[in-house]
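One structure is given below, encoded as structure tokens.
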Amino acid sequence: MECVFCKIVAGELPAKKVYEDQDYIAFHDIHPKAPTHVLVVPKVHVPKLSDFPDDETGERALGGLFRTVNRVARETLGLAGYRVVVNVGEKGGQEVFHVHVHILGGWQ
Ligand code: 5GP
Ligand code: ZN
């Protein structure tokens with residue numbers, strides 16, 4: 001298994017975990033680009049956002065992911081406002097090919 005986020009999900013790599021449920025995990029980015037920089041990651045390995053199927057299954061997966069982003073940002077991190085970023089594909093600046101949403105915030 002080569003995927004770093006799968007390794008974090010499996011507990012084989014350490015991470016500063018802030019949230020976990022049956023389907024998602026959230027942890028601090030190792031190279032934070034904001035005072036608070038957390039990644040929300042589905043536990044299932046899907047390489048990139050555009051790989052979710054264009055059907056109701058994909059809609060549920062996308063809804064679940066962004067619902068979790070809101071929950072982590074507001075409830076876990078206590079952010080009143082935040083920036084959400086998803087890099088999609090090499091040409092979109094994606095470096096880790098396991099779907100993740102960046103939550104950036106904590107600016108004064
Ligand atoms: P991407 O460009 O793929 O959207 O962003 C990947 C992010 O994952 C980067 O911000 C990078 O700092 C972060 N990252 C890469 N490897 C690790 C790791 O092993 N642990 C953690 N916590 N973050 C990582
Ligand atoms: Zn993975």
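Reckoned from all heavy atoms, side chains included, excluding hydrogens, waters and symmetry mates. Numbering of ligands and ligand atoms starts at 1, following listing order. One-based numbering along the sequence shown.
- The distance from the CG atom of Leu77 to the CZ atom of Arg71 is 13.0 Å, given to the nearest 0.5 Å.
- Rounding to the nearest 0.5 angstrom, the gap separating the CZ atom in Phe5 from the CD1 atom in Ile25 is 10.5 Å.
- In terms of modelled atom types and a separation under 3.5 Å, the side chain of Gln94 and the main chain of Pro47 share a donor-acceptor contact.
- For ligand 1, the protein residues within 4.0 angstrom (heavy atoms only) are Phe5, Ile8, Phe27, His28, Asp29, Ile30, His31, Lys33, Leu39, Asn87, Gly93, Gln94, Glu95, Val96, His100, His102.
- For the Zn ion (ligand 2), protein N, O or S atoms under 2.8 Å: 4 in total.
- Tested against Tyr24, the residues Val41, Val101, Leu65 include a single side-chain contact (heavy atoms from CB on, under 4.5 Å) partner, Leu65.
- Note that the NZ atom of Lys48 and the CD atom of Glu90 stand 9.5 Å from one another [nearest 0.5 Å].
- Judged by distance alone, with hydrogens and angles left aside, the side-chain atoms of His100 form no donor-acceptor pair with the main-chain N or O of Ala26 at under 3.5 Å.
- No donor-acceptor pair closer than 3.5 Å links the side chain of Lys17 to the backbone N or O of Ile8.
- Expressed to the nearest 0.5 Å, how far CG of Leu79 lies from CG of Asn70 amounts to 11.0 Å.
- Taking the six-membered ring where the residue is Trp, His102 and His37 present tilted rings, their angle falling between 30° and 60°.
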